Amino acid sequence: MDTGNTAFLLVSAALVMLMTPGLALFYGGMVRAKSVLNMMMMSVVCLGVIGLVWVLFGFSLAFGDSHAGLIGGFGLAGITDTTALVGDVPVQAFAMFQLMFAVITGALVSGAVADRARFRSWTLFVTLWVVLVYIPLAHWTFALDGAVSTRGGWLANTIGTLDFAGGAAVEINSGASALALALVLGARRGWPREPMRPHNLPLVLLGAGLLWFGWFGFNAGSALAAGATAANAFLTTMTAAAAAVVSWLVLEDRLDGRPTSLGAASAAISGLVAITPACGYVDTWGALAIGVLAGLLCQLAIRLKYRFGYDDSLDVVAIHGIGGVIGMLMLGLVATDAVNDAGADGLLYGGGFAQLGKQALAVVVAAAWAFGMSALIAWVVSRTVGFRAAADDEHGGIDEAEHAETAYEFSTMRTAGRGPAGRITEGDR
């Protein structure tokens, strides 16, 4: 065991864990004040339910010995082996690092149904979703032969798809799942006629900053060692995000006459999303191209939802789905094995069309599986326990209806003081 690489991976896992509360702030600021707590809770609960599923059997199904390349077994259930290694780091450290990927992916999906989902139903949905949607995709794309177990998933090993840190299992998965969920639940009441502006843009910027910070652990940590590959992933992650911010704001200024703070935050995330599958396989020039495309195309995709009429509340489809597709396909063009000899040369580096075809297959498979299974799970939850909040609850505020709380206390009226030791008296309740 290499203690330096183990420390590197554990710190990376902690950074990725920070992305979930960062996402909660990012999403929470983007919704209306009456539903901010519900929005944030849908992210926070993923740490609980997905964490339990992952430790009990999820990691084993995702990374255990493969059955026909489709799913692992239960040999790693409980993650109790304290001596097993993945490369030169403990399997338990690797399992916790991968857990944070599962958590943030589930939390991302919630942005599609802001302001209108029942919390208990969301919790049931995301529990079923991580088992039936995320874990199979993680096995297909992340489980390499001989890494954790002898046999891994079919996309990574049989087809040879490249996906360094989650373009298919995380980004395309969350985008396609979000689209399915938005279609099953339907649009928010009043959308798109009524303005539904973000209630707290400083919160959005804070959340985006935490996500950007955590993304370095997400991408660089996927190297599993503090070396040249991790350094390249760190560099390309920063390059793509920076390029996306600039290209997005230029286009936004051109189309709308103003560069906005919400645009800047969304731009950074789009660049980070697009570079995720490619960060360990492309050089600086490839990252620059990916970032510029993400800033332009993800912004245009947001505008299309009004034309197509689906209410993806916080633009998960446009940013994560389209961003993931950009990163996966660009790998087939600008990947270079000069950066990572475990990768391949893309078309523009003399590799021909073969890798582009492999990447396109992974895009189609991930999108189809995530969309189909998520739609089925959402439909079953809707038909059994009910998924959509009642009209009165949606109008009055999901926070009070689902959690008996509000994010902000607007009342200035006091009906009674505090009793001994500062306890609230009956009139304050």
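Small disclaimer: the values here were computed from a predicted structure and weren't measured. Side-chain atoms are counted along with the backbone in the values below, which use heavy atoms only and exclude waters and symmetry mates.
- Taken from CE in Met330 to CD1 in Ile275, the straight-line distance is 9.0 Å, to the nearest 0.5 Å.
- Here Asp341 pairs with nothing under the salt bridge (charged side-chain N to carboxylate O under 4.0 Å, His left out) rule; sequence neighbours left out.
- Looking only at atom types and distance, the side chain of Thr237 has no donor-acceptor partner in the side chain of Trp215 under 3.5 Å away.
- Distance alone, capped at 3.5 Å, is enough to place a donor-acceptor pair between the Ser374 side chain and the Ala370 backbone.
- Contact detail for Ala301 and Tyr310: the closest heavy-atom pair is O-OH, 4.5 Å.
- Here the side chains of Tyr281 and Val334 are not in contact, with every heavy-atom distance at 4.5 Å or above.
- Side chain of Asp2 to backbone of Asp88: no donor-acceptor contact under 3.5 angstrom is found.
- Looking only at side-chain heavy atoms (C-beta outward), Ser66 and Ile71 stay at 4.5 Å or farther from each other.
- Proximity of a side-chain donor or acceptor of Asp163 to a complementary backbone N or O of Ala168 within less than 3.5 Å is detected.
- In this structure, the side chains of Ser266 and Ile319 come closer than 4.5 Å at one or more pairs of heavy atoms.
- Residues Trp248 and Gln299 approach most closely at O-NE2, 3.0 Å, considering heavy atoms.
- Partners of Trp191 by ring pair (Phe, Tyr, Trp, His ring centres under 6.0 Å), not counting sequence neighbours, listed by chain and number: Tyr306.
- Using a 3.5 Å distance cut-off with no hydrogens or angles, the side chains of Thr260 and Glu252 do pair a donor with an acceptor.
- Scanning both residues, Ala156 and Thr141, for their nearest heavy atoms gives CB-O, 3.6 Å.
- Legend: residues meeting salt bridge (charged side-chain N to carboxylate O under 4.0 Å, His left out) with Lys305, ordered by chain and number and at least two apart, are Asp315.
- Nearest heavy atom pair, residue Ser43 against residue Ser110, reads OG-OG, 4.3 Å.
- By the salt bridge (charged side-chain N to carboxylate O under 4.0 Å, His left out) test, Arg303 is found to be paired with Asp256, residues two or more places apart in sequence or in another chain being considered.
- Inter-residue side-chain proximity for His320 and Ile172 is flagged as unmet; no heavy-atom pair is nearer than 4.5 Å.
- A side chain to side chain donor-acceptor pair (under 3.5 Å) with Asn38 is found for exactly one of Glu402, His403, Glu400, namely His403.
- Here the side chains of Ile398 and Lys34 are not in contact, with every heavy-atom distance at 4.5 Å or above.
- For the residue pair Tyr134 and His139, no side-chain donor N or O sits within less than 3.5 Å of a side-chain acceptor on the partner.
- Residue pairs satisfying the salt bridge (Lys or Arg N to Asp or Glu O under 4.0 Å) criterion with at least one member in residues 99-127, sequence neighbours excluded, are listed as follows: Arg32-Asp115, Asp115-Arg188, Arg116-Asp311.
- Partners of Trp122 by ring pair (Phe, Tyr, Trp, His ring centres under 6.0 Å), not counting sequence neighbours, listed by chain and number: Phe125.
- Asp81 places no side-chain N or O within donor-acceptor distance of the main-chain N or O of Leu76, the cut-off being under 3.5 Å.
- A pairwise comparison of heavy atoms in Phe63 and Ser149 identifies O-OG, 3.0 Å as the closest pair.
- Residues Val317 and Ile302 are not in side-chain contact: their nearest non-hydrogen atoms beyond the backbone lie 4.5 Å or more apart.
- There is no side-chain donor-acceptor pair under 3.5 Å between Asp399 and Ser35.
- Heavy atoms only, all atoms of each residue included: Ala367 and Ala176 are closest at O-CB, 3.6 Å.
- Proximity of a side-chain donor or acceptor of Asn219 to a complementary backbone N or O of Ala233 within less than 3.5 Å is not detected.
- Taken to the nearest 0.5 Å, the CG atom of Leu162 stands 11.5 Å off from the CG atom of Leu155.
- In this structure, the side chains of Met96 and Val55 come closer than 4.5 Å at one or more pairs of heavy atoms.
- Of the possible polar contacts, one joining the Ser270 side chain to the Ala267 backbone as a donor-acceptor pair under 3.5 Å is found.
- Using a 4.5 Å heavy-atom threshold, the side chains of Tyr408 and His199 count as touching.
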